[in-house]
A.B. asks: 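Sending over a structure as structure tokens; questions will come in a sec.
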There are 2 protein chains.
Amino acid sequence: MTENLTLQMDEYLPLRDVVFNTLREAILKGELKPGERLMEMHLANRLGVSRTPIREAIRMLEQEGLAVTIPRKGAQVAKMTEKDLQDVLEVRDALDELAVTCACRRMTNEQFVELKEAMKAFEDATRTDDVRKIVETDEAFHDVIYHAAANPKLENIINSAREQMYRYRYEYVKNPSVYAQLIAEHKSIIEGFDKRDEEALKAIMHTHLSNQINAVRNSIREQV
Amino acid sequence: MTENLTLQMDEYLPLRDVVFNTLREAILKGELKPGERLMEMHLANRLGVSRTPIREAIRMLEQEGLAVTIPRKGAQVAKMTEKDLQDVLEVRDALDELAVTCACRRMTNEQFVELKEAMKAFEDATRTDDVRKIVETDEAFHDVIYHAAANPKLENIINSAREQMYRYRYEYVKNPSVYAQLIAEHKSIIEGFDKRDEEALKAIMHTHLSNQINAVRNSIREQV
DNA sequence: GTCGTGTCTTTTGTATTCAATCTTTGATAA
DNA sequence: TTATCAAAGATTGAATACAAAAGACACGAC
């Protein structure tokens with residue numbers, strides 16, 4: 001009975017949302033590459049729907065910063081220049097600092113446990129070759145922190161900023177030599193929360209983010 | 001939907017963008033009130049277009065945080081709770097600090113002149129009874145700063161955060177007793193830029209923003 | 001009274017159609 | 001060969017049509 005209900009709930013998702021999620025995933029995972037045209041008919045055929053939900057999904061992607069449309073010429077997957085990256089990182093640096101400060105003050109014990117579990121999952125993932133899993137567990141770790149900040153608006157904005165750069169981050173995570181460092185940083189973060197040391201946390205988050213800059217920058221340079 | 005909505009036909013913009021701008025303005029100016037339903041047919045008739053561009057515009061408003069839609073029940077103008085306001089202000093505080101820091105480092109002489117002109121325009125406006133003009137010149141003053149930060153991504157995010165609370169801000173600006181204070185704060189800001197004193201600027205911006213909190217909070221309480 | 005139940009209306013969701021605009025292609029002329 | 005331009009095709013923009021769901025309301029059973 002309850003299974004039926006949840007199943008119905010899934011059926012209740014409007015197609016535009018299904019399409020939006022599908023396209024969003026495809027963009028984030030690199031299946032749709034930066035600069036690639038998003039042609040309505042083409043996508044509609046591939047997904048087996050009409051153009052209407054495709055168009056609405058594109059409007060949503062647009063506002064997320066994942067697609068750019070030129071009137072009467074169509075939409076394409078958003079490209080990032082190095083300047084764009086720098087700009088987003090500047091913002092994320094400020095928002096991460098806020099998030100970690102809030103989280104430090106507001107994190108519950110349950111969330112702290114969750115954080116340690118996420119840490120373990122990430123550590124386990126780095127011992128496999130599954131890059132996608134590594135990325136996902138890393139994101140999940142940070143999700144716990146952002147969620148603990150208990151500010152949904154902040155969470156939204158950070159997620160949107162993350163999305164814009166995460167497509168360029170695979171290269172960084174693919175390189176096993178950085179795992180040790182990432183794990184160490186995550187451990188420091190946990191320690192910071194344990195001691196409720198805001199200043200230390202701010203510093204670590206700052207380092208943690210800036211370590212990604214060059215990697216992502218190279219990845220962007222490769223995009224022709 | 002008490003006011004008459006009219007489309008400003010910029011011939012080259014797609015209708016969805018014209019509709020989006022029209023609805024956005026109407027929401028920000030309070031013509032469409034928080035919680036008010038956005039019925040497609042009604043809006044379409046009012047604006048003399050079909051449902052298609054209305055629907056696309058609603059998808060855009062949604063991502064801006066100005067509208068909320070429940071699947072198969074329709075969209076409504078987003079309401080803010082006190083918690084929402086607090087969350088947005090927390091974010092804006094961090095972003096304003098970043099913006100003012102960047103602007104302090106990057107502001108050109110031309111932009112400084114522009115800032116002083118915007119200051120004057122605001123001062124002039126406070127001597128009239130035109131609340132809308134006062135709000136607009138105040139926003140323009142801050143626009144100069146945000147633009148001087150030379151970070152379009154930051155500008156976008158701040159604008160989106162501003163939009164979410166500006167509809168609740170009229171009450172604050174309506175009260176002439178705060179003009180003197182606002183002018184004084186704006187003057188301090190200009191002084192800060194003149195001296196390139198980042199710390200002073202951060203402090204002023206923080207004060208400037210927190211002064212608005214109670215006013216907006218009251219305005220939100222009044223919304224039933 | 002109130003709780004369902006079925007019907008009718010309203011509204012949203014999606015597909016389809018028609019119109020406008022852009023792109024491509026290919027023929028022609030300099 | 002290259003530049004130009006017109007026609008054809010492809011693609012987007014907007015309106016209309018049709019389907020499905022939600023809401024309103026009357027009616028009857030309990």
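Chain identifiers are assigned alphabetically (A, B, ...) following the order of the sequence lines, protein sequences preceding nucleic acid strands; residue numbering begins at 1 within each chain.
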A.B. asks: By the 4.0 Å heavy-atom rule, please label B:Leu38 as base, sugar-phosphate, or nothing.
C.D. replies: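 Since only primed, P, OP1 and OP2 atoms lie under 4.0 Å of B:Leu38, the category is sugar-phosphate.
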A.B. asks: Is there a side-chain contact between B:Ser50 and the phosphate of D:dA15, meaning an N or O under 4.0 Å from OP1 or OP2?
C.D. replies: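 Yes, because at least one side-chain N or O of B:Ser50 sits under 4.0 Å from OP1 or OP2 of D:dA15.
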A.B. asks: For B:Ala118 and B:Val144, work out which heavy atoms get closest and say how close.
C.D. replies: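 Scanning both residues completely, I find the closest heavy atoms to be CB-CG2, 4.3 Å.
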A.B. asks: Rounded to whole Å, how long is the line connecting atom OH of B:Tyr12 with atom P of D:dG13?
C.D. replies: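 In whole Å, D:dG13 P and B:Tyr12 OH are 16 Å from each other.
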A.B. asks: Over how many whole Å does the gap from B:Asp17 atom CG to D:dA14 atom C1' extend?
C.D. replies: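 For the pair B:Asp17 CG and D:dA14 C1', the rounded distance is 13 Å.
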A.B. asks: Rounded to whole Å, please give me the gap between CZ in B:Phe20 and P in D:dG13.
C.D. replies: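 One finds 16 Å between P of D:dG13 and CZ of B:Phe20, rounded.
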A.B. asks: Looking only at N and O atoms, is any donor in the side chain of B:Arg72 or the base of D:dG23 less than 3.5 Å from an acceptor on the other one?
C.D. replies: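 Under the 3.5 Å cut-off, the side chain and the base do not form any donor-acceptor pair.
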A.B. asks: Evaluate B:Thr22 against B:Val18 for side chain to side chain contact (heavy atoms under 4.5 Å, CB included), listing each step before the verdict.
C.D. replies: CA-CA 6 Å; B:Thr22 305; B:Val18 179; 4.2 Å; yes
A.B. asks: Between P on D:dC18 and CD on B:Glu40, what's the gap in Å once rounded to a whole number?
C.D. replies: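 Those two atoms, CD and P, are 18 Å apart.
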A.B. asks: Quick one: B:Met41 CE to C:dG13 P, roughly how many Å, whole number?
C.D. replies: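 After rounding, the reported distance stands at 14 Å.
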A.B. asks: Please compare B:Met39 and B:Thr52 by the position of their nearest nucleotide in DNA chain C and report the one closer to 5'.
C.D. replies: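 It is B:Met39, whose closest nucleotide lies nearer the 5' terminus.
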A.B. asks: Report the residue (A:Pro71 or A:Leu15) whose heavy-atom-nearest nucleotide on DNA chain C is the more 5′ of the two.
C.D. replies: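 Looking at the nearest nucleotide for each, A:Leu15 comes out on the 5' side.
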A.B. asks: Under the salt bridge (charged side-chain N to carboxylate O under 4.0 Å, His left out) test against B:Arg24, which residue among B:Glu163, B:Glu62, B:Glu31 passes?
C.D. replies: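 Testing each of B:Glu163, B:Glu62, B:Glu31 against B:Arg24, the sole residue satisfying salt bridge (charged side-chain N to carboxylate O under 4.0 Å, His left out) is B:Glu163.
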A.B. asks: So if I take every side-chain heavy atom of A:Glu56 and compare against D:dA14, C:dA15, C:dT14, which nucleotide ends up nearest?
C.D. replies: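 So the side chain of A:Glu56 is nearest to C:dT14.
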A.B. asks: Side chain of B:Lys73: nearest nucleotide among D:dA22, C:dT16, C:dT12?
C.D. replies: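 Among D:dA22, C:dT16, C:dT12, the one nearest the side chain of B:Lys73 is D:dA22.
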A.B. asks: Between C:dA20 atom P and A:Ile70 atom CD1, what is the distance in whole Å?
C.D. replies: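 My rounded result for the distance is 23 Å.
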A.B. asks: Nearest whole angstrom, please: distance from the P of D:dT11 to the CD of A:Glu36.
C.D. replies: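 Those two atoms, CD and P, are 14 Å apart.
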A.B. asks: Would you say the side-chain atoms of A:Glu97 and A:His206 include a donor-acceptor pair closer than 3.5 Å?
C.D. replies: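 There is no such pair (donor and acceptor under 3.5 Å, judged by atom type) between the side chains of A:Glu97 and A:His206.
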A.B. asks: Which is true for A:Ile54 with a 4.0 Å heavy-atom rule: it touches a base, it touches only sugar-phosphate, or it touches nothing?
C.D. replies: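 A:Ile54: no heavy atom of the nucleic acid under 4.0 Å.
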A.B. asks: Counting heavy atoms from C-beta on, name the nucleotide in C:dT11, D:dT12, C:dG13 closest to the side chain of A:Arg51.
C.D. replies: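 Comparing C:dT11, D:dT12, C:dG13 against the side chain of A:Arg51, the answer is D:dT12.
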A.B. asks: Using a 3.5 Å distance criterion without hydrogens, assess whether the side chain of B:Asp87 forms a donor-acceptor pair with backbone atoms of B:Asp84.
C.D. replies: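 No, the answer is negative, given that no donor and acceptor are paired below the 3.5 Å cut-off.
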A.B. asks: Take atom CE of A:Met60 and atom P of C:dG13, then tell me their distance rounded to the nearest Å.
C.D. replies: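 So the CE-P distance, A:Met60 to C:dG13, works out to 10 Å.
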A.B. asks: Students often get this wrong, so: under 4.0 angstrom with heavy atoms, is B:Arg16 touching a base, only sugar-phosphate, or nothing?
C.D. replies: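 Counting heavy atoms under 4.0 Å across all strands, the contact made by B:Arg16 is with sugar-phosphate only.
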A.B. asks: I want to verify a distance call: between C:dT16, D:dT16, C:dG13, whose nearest atom is closest to the A:Pro14 side chain?
C.D. replies: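 For A:Pro14, the side-chain atoms sit closest to C:dG13.
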